[in-house]
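Bear in mind that the values here come from a model prediction, so they are computed numbers and not experimental data. Note on naming: letters A, B, ... go to the chains in the order of the sequence lines (proteins, then strands), and numbering restarts at 1 for each one.
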There are 2 protein chains.
Amino acid sequence: MLGLTTIMNRRRTKQREAILAVLGNASDHPTADQTYEEVRKQLPRISKGTVYRGLRVLEEDGVVKELSLPGTVSRFDATVRPHYHFRCDRCGRVFDLDQPVIEELDARVAKRTGYKVTHHELEFRGLCRECQWRSL
Amino acid sequence: MLGLTTIMNRRRTKQREAILAVLGNASDHPTADQTYEEVRKQLPRISKGTVYRGLRVLEEDGVVKELSLPGTVSRFDATVRPHYHFRCDRCGRVFDLDQPVIEELDARVAKRTGYKVTHHELEFRGLCRECQWRSL
DNA sequence: TTAGGTGCAAAACCTTTGCCATCCC
DNA sequence: GGGATGGCAAAGGTTTTGCACCTAA
């Protein structure tokens, strides 16, 4: 689960450049599929596989970031009361934190942006206790 | 995208109770599939569909919460510099915020938990400007 | 020349759905 | 009885992968 730095010579290709250009120009944050559709306007013969691979590569190189969470599975929580989480980047487990929720953040963002803010989700990342041993 | 409250008489069934029990006892936050495997120890004939439906129902009723993000598609961001996001619950778009990142949170959590905290992801939720009109 | 990349299609995954039998209220 | 559910299997949608053919370095 840890993003190990791959030792590999990356080649500069028009496909990956097109992907990066699309992401750079987009103000919202395109999904892989939206990126594919956009790139296709420049490179009609590009395939979905290439876009997915390209995004993955760009992310490994730190050029692009995947939002929210890696992987596609949802996780469920029986605790409904608002609280924050910690996700271990190695084992993937998610733990509850009893850190107090900072309510005033919502109002601050609302005032600055004009969005109606109902709540926020805060997730800390790193290594849990068990995985800290195993990691070195 | 907004969770409308469904008007429906919910029945109390052993399947849904088993699902809830599993979620209640788990300290990490099981995925739907992990929940299924766990429930199956009690109810070997339960189906995946029932677990998925059960989780959905429990979530609608506010008994259970789905973590992190609704939907399964990943979104990509060409801005690597740490920053927060706002996600509109109606149109699903994700916007960057220029709210300053609160660095000290990481250290605070690390001290309290013993986890090694590398960073955090903060996402505000609500309605964007456009969707506030449309919503009433 | 050659390791890394691309296209294409199939496979793998996760989640939702349709259908019909079943179970409660 | 009749609406709410469950089991099963098929369908849907997203992402990954195997493989033969390219191509940048």
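Under 4.0 Å is where a charged nitrogen must lie from a carboxylate oxygen, and between A/Glu17 and A/Lys14 no such pair does.
For the OP1/OP2 pair of D/dT16 and a distance below 4.0 Å, the side-chain nitrogens and oxygens of A/Tyr52 include no atom meeting the criterion. For the pair B/Gln15 and C/dC23, the criterion of a side-chain N or O lying under 4.0 Å from OP1 or OP2 is not met. Between B/Thr50 and the phosphate of D/dG7, there is a side-chain N or O to OP1/OP2 separation shorter than 4.0 Å.
Taking for each of B/Ser47 and A/Lys14 the nucleotide of DNA chain D with the nearest heavy atom, the 5'-most of the two is the partner of B/Ser47.
Between the CD atom of B/Gln34 and the P atom of C/dT15 there is a distance of 11 Å, given to the nearest Å. When rounded to the nearest whole Å, the span between CD1 of B/Ile19 and C1' of D/dG7 equals 13 Å. The CG-C1' distance, from B/Leu43 to D/dG7, rounds to 12 Å in whole Å. If you measure from atom CD of B/Glu59 to atom P of C/dT15, you get 12 Å, rounded to the nearest angstrom. One interatomic measurement links the two molecules: NZ of B/Lys48 to C1' of D/dA11, which rounds to 15 Å at whole-angstrom precision. Here C/dT16 presents its P atom at 11 Å from CD of B/Glu60, a figure rounded to the nearest Å. Between the OH atom of B/Tyr36 and the P atom of C/dC14 there is a distance of 13 Å, given to the nearest Å. With rounding to whole Å, B/Leu58 atom CG is found 17 Å from D/dA4 atom P.
Tested against B/Gln15 for a side chain to side chain contact (heavy atoms under 4.5 Å, CB included), the candidates B/Val39, B/Leu20, B/Thr50 yield a single pass: B/Thr50.
Contact annotation for B/Arg12: no contact, since no heavy-atom pair falls under 4.0 Å across all strands. Backbone-only engagement by A/Arg16 is indicated by non-hydrogen atom pairs under 4.0 Å involving sugar-phosphate atoms exclusively.
One cannot find a donor-acceptor pair under 3.5 Å joining the base of D/dT15 and the side-chain atoms of A/Arg56. Side-chain atoms of B/Arg10 and base atoms of D/dA4 include no donor and acceptor less than 3.5 Å apart. Between the side chain of B/Arg11 and the base of C/dC23 there is at least one donor-acceptor pair of N/O atoms closer than 3.5 Å. Looking at B/Arg53, its side chain comes within 3.5 Å of the base of C/dG18 through a donor and an acceptor atom.
Using bins of under 30°, 30° to 60° and over 60° for the plane-to-plane angle, the ring pair A/Tyr84/A/His120 lands in the tilted bin.
Residue A/Cys128 comes nearest to A/Phe95 through the heavy atom pair CB-CE1, 3.9 Å, listed as atom of the first residue, atom of the second, then distance.
Put simply, the side chain of A/Gln132 gets close to the backbone of B/Gly114: a donor and an acceptor are under 3.5 Å apart.
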